[in-house]
Amino acid sequence: MRAPKIDELIKTSDVIKRAYALSKKLHESQKRKTGEPYFNHAVATAENIAEWGLDEASIAAGLLHDTVEDTDYSLDQLRKDFGDEIAFLVDGVTKIGKIRYRGVERQVENLRKMILALSQDIRVVIIKLADRLHNMQTLGALPPQKQKRIALETMEIYSPIAYRLGMQRISGELEDLAFPFIYPQEYRWLLSHVKEKYEEREKYTDKVKPVIMEALRKAGIEVISIDSRAKRYSSLYKKLLRYDMDVDKIYDLVALRIIVKSIEDCYAALGIVHNLWPPLPNRIKDYIALPKPNGYRSIHTTVFCVDNRITEVQIRTQEMHDEAEIGIAAHWAYEQAKQSKAYLEKKAISADKKELQWVQQLRNWQKEFNTPEEFIESLKIDFFKDRIFVITPQGEVIDLPAGATPIDFAYQIHTDVGNACTGAKVNGKISALDHKLHSGDIVEVMTQKNKKPSESWLEFVKTANARNHIKAALKGKAARLDKTEPKETELRVIIEDRPGLLKDITDIIARSHVNMTAINTITNARYPIIRIRCDFVNKDKTEKLIVKLKKLKEIKEISFVLV
Ligand code: MN
């Protein structure tokens, strides 16, 4: 992918040129922790955005993304100077920049959803990813405490968001940049055990490339490029955990990647590779016919290659390659290019289409994830176009249906808080109890002892949870409502943590056809504890599941309670 430099970009657009000049002026006296001028960060962010093919409004917003937050330039002024669209983008990035991950496992999915819900426009998320990518590239300059927090947030929140938007390269890059800060020992182990193997493998694939090139040329297939792709440290580490830490069992440590012109050529090239070297059985993956849930398309095969060494080969078209690298951003760019003519004539229709695509992508996000990791997340995802995400004063994210009120919020925190509610503050201001909350609102509930709920609340509450508890309290039956028959089983699993363990656990549970309704991790104990709720009460079934789980050697102990 081309990587335009800022000098070129300012020549292409007057808006970008103005944003450049203003950002430079506003950040003039500021320095980053690396000692560089702060303005370099704005430029790097804008260059990332341009590389991913976004429009001039996004590039300008990238240049200006920190001005409202970090200088005395106001959003109103920005709107006057650059118009609604750029102001909207900068405001969105500023808003999601305030969301902090505090290391609570059960918050992770809510935080990801909240970032998307707050963004409203795919470009806001992409600008934020461009900003985060540069921050991660310069993370070394920050104090260790901050490094770890930002690295964790990147690993848990931003890299998965990028992945699900199909931006695999960015997702992988973010994860790889975060990895050494979160797992320093594991990283050192990898450097000492794998680095040479990488270099040796790369030399080897360099030998193989001309052989393939020649065979394809003879067959009349035009090759755009053949490259070696070294597996990233973070994903290698996860894979090693499943392969006894034996690097020689990892066939795709360095894979060959062939890029050709058309889908027909992909299959033809596959035939030619198999004609040169026999494939390993069951290792041919046709993600062109059956794309991965996040849209990834490519053909993978593993062959007994030159000197009989087992090597993975990936074959795809340029368009598939761009999509795999930058995902939804590529769709966005292709769509823009396709529509550029129609765009001038039918602006409204084109905007609708963009919106449609964005919604479609989110729908897919909910439905189509098949791996266990994604499965567990999909369990927690509701129809989140209809959800809002509000924050407690302690920073906990509470997920509510759209239209929910402070009363719904109060009951979501705890029945007693709901029953004793006398008033609420939204973003620091006293608010009516029937006020409709919005994503990103900070909500505080005021309570008074021995207070009873009011019957009028039933007219506006949105959640069944609040409605049931209000009715029960009015009838004086609150106690009975809380003491119903147990419906679920909660497993308490004490573990010695390692990357990928949670996935392995949920994998086993999913294969046992058990539905999980909630999962959270308590990490402040000596050994972390994972609590998993399953939607049944059955001692036999529970014990069978425990036997299966105990096969994972990192699991120290499992107990269960009925809830
Ligand atoms: Mn920034």
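Ligands are counted one by one from 1 in listed order, and the atoms in each one are counted from 1 as well. Residue numbers start at 1 and run along the sequence shown. Because only heavy atoms are used, hydrogens play no part in the values below, and waters and symmetry mates are left out as well, while side chains stay in.
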Test: ring pair (Phe, Tyr, Trp, His ring centres under 6.0 Å). Region: residues 14-33. Which pairs qualify, not counting sequence neighbours? Y20-F39, H27-Y38
Contact check, side chains of L240 and L236, non-hydrogen atoms, under 4.5 Å: yes
Around the Mn ion (ligand 1), list the protein N/O/S atoms within a radius below 2.8 Å, excluding water molecules. H41 NE2, H65 NE2, D66 OD2, D131 OD1
Would you say the ring centers of Y233 and Y198 fall short of 6.0 Å from each other? yes
Is it true that K231 and D252 have a side-chain N and a carboxylate O under 4.0 angstrom from each other? yes
According to the interplanar angle, ranging from 0 to 90°, do the rings of F179 and Y237 count as parallel (below 30°), tilted (30 to 60°) or perpendicular (above 60°)? tilted
Considering only NZ, NE, NH1 and NH2 on the basic side and carboxylate oxygens on the acidic side, decide whether D131 and K128 come within less than 4.0 Å. yes
